[in-house]
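In what follows, a single structure is set out as structure tokens and then discussed.
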Amino acid sequence: MSDDDRKRYWNEQYLEYWRSRVNEAGVGKSKVISGDSNTEDDSVYESVFKAYGFNAGNLLEVGCAWGRMFPIYKQFGLEITGVDISKAMIDSAKENWQGDASIQQLKESSAEALPFTDSSFDNLACLAVLDATFQNQAISEFLRVTKPGARIYFTGKNDHYYPDDLEAYNAEVGARRKSHPNFFTDTKLLIQLLKEQGHTIDQFYFFPRRGDFATFTYEETPERFYEYFLVMTRGDTYSDLPEISDAHSKTFKELNS
Ligand SMILES: C[S@@+](CC[C@H](N)C(=O)[O-])C[C@H]1O[C@@H](n2cnc3c(N)ncnc32)[C@H](O)[C@@H]1O
């Protein structure tokens, strides 16, 4: 998919779709739709931010949409910059937030080429976005634009989920059918590479099956898992990451070999 195709994909229609998914997320409601993506209640994110707090200063949110999380960041007194590849999303964020004293910048930009100088941010969050990106480029950019000691939060999909997790399998097949950008992380490799570079993994939440993220049902060392939420602290230096993701999960390949 070219950059222009990606920009066209994340359009007004997707904005309306995501708004409806976020609105239906909530305690007691089913958040798994067969063959489709699912989303989490904001309180899931808030509990992680409380457990693993922000550094004082500023925060970059990559894939910020209309600024759904900004009220949470504002509670923590952060200066907020948001970027999103989608013009529709950034226009909506500007409509909601322009003029708010906590908002520093709102920019149309892809995660893979962030328009900021090195070591600009004390915190970075990328939530429900990374699986749509070219992850080695995006995470390398996260490391470039954050300061040593910065807190970084991101979520993604693991490349090896349980073969009987049909909700996960159907979501993978459904995403491909819709040409939804969807990449699965070799999470073990990613953790190893981040540690080798001297970054600290503060917490890794592994969500064994599709739907577990929405209910915040996680394990520390499951044999396999579908989604993850990583909290890390950037080390003093970094280098660009090699390829760590694939458009097909290992589970899909095993089931179709
Ligand atoms: C599922 S929504 C999540 C939005 C928001 N983070 C949230 O949790 O509500 C995915 C968002 O990522 C954005 N996005 C997709 N690919 C991107 C990329 N390569 N760089 C930056 N943003 C991207 C989309 O435009 C969309 O706003």
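In each ligand, atom 1 is the first atom listed, and ligand 1 is the first ligand listed.
For atom 20 (N) of ligand 1, the choice among Gly82, Ala111, Ala93 with the nearest heavy atom turns out to be Ala111.
Checked against a 3.5 angstrom limit, the closest N/O atoms of Ala132 and ligand 1 fall outside it. Some N or O of Ile85 is nearer than 3.5 Å to an N or O of ligand 1, by distance alone. Between Tyr14 and ligand 1, a contact under 3.5 Å exists for no N or O pair. Taking any N or O of Cys64, backbone or side chain, none lies under 3.5 Å from an N or O belonging to ligand 1. Some N or O of Glu112 is nearer than 3.5 Å to an N or O of ligand 1, by distance alone. Considering backbone and side-chain N/O atoms, Tyr45 never comes within less than 3.5 Å of an N/O atom of ligand 1.
Of all atoms in ligand 1, numbered sequentially from 1 with element shown, those under 4.0 Å from a heavy atom of Arg68 are 7 (C), 8 (O), 9 (O). Each of the atoms 25 (O) of ligand 1 lies under 4.0 Å from some heavy atom of Ser86. If you number the atoms of ligand 1 from 1 as listed, the ones under 4.0 Å from a heavy atom of Trp18 come out as 1 (C), 2 (S), 3 (C), 4 (C), 7 (C), 9 (O). The ligand atoms of ligand 1 that sit less than 4.0 angstrom from a heavy atom of Glu61 are 6 (N). Heavy-atom contacts of Leu127 reach the following atoms of ligand 1: 3 (C), 5 (C), 6 (N), 8 (O) (cutoff under 4.0 Å). Here is the list of ligand 1 atoms found below 4.0 Å of a heavy atom in Thr133: 18 (C), 19 (N). Ligand 1 places these atoms under 4.0 Å from at least one heavy atom of Ser109: 21 (C).
Atom CD of Gln13 has 12 or fewer neighbouring heavy atoms from other residues, nucleotides or ligands inside a 6.0 Å radius. Counted within 6.0 Å of NZ on Lys188, heavy atoms from surrounding residues, nucleotides or ligands total 12 or fewer; the atom is thus considered open.
Between Asp122 and Arg151, every side-chain heavy-atom pair lies at or beyond the 4.5 Å cut-off.
Under the side-chain hydrogen bond (donor to acceptor under 3.5 Å, both in side chains) rule, Tyr161 has a single partner from Glu227, Glu167, Glu172, Lys250, which is Glu172. Of the residues listed (Asp246, Asp165, Asp131), the one engaging Lys157 in a salt bridge (charged side-chain N to carboxylate O under 4.0 Å, His left out) is Asp131, and it is the only one.
Side-chain heavy atoms closer than 4.5 Å link hydrophobic residues (I, L, V, M, F, W, Y) into clusters, and following such links, even through other members, never connects Phe206 to Tyr153.
Side-chain atoms of Thr200 and Arg234 form no donor-acceptor pair, as typed in the model, at a separation below 3.5 Å.
Across every non-hydrogen atom of Leu130 and Cys126, the tightest pair is N-SG, 4.1 Å.
Using a 4.0 Å cutoff on heavy atoms, Ala138 does not count as a contact of ligand 1.
A cation-pi contact links Arg176 to Phe252, judged by a cut-off of 6.0 Å to the six-membered ring centre and 45° from its axis.
Salt-bridge formation is not detected for the pair Lys94/Asp91: no Lys NZ or Arg NE/NH1/NH2 atom is positioned less than 4.0 Å from an Asp or Glu carboxylate oxygen.
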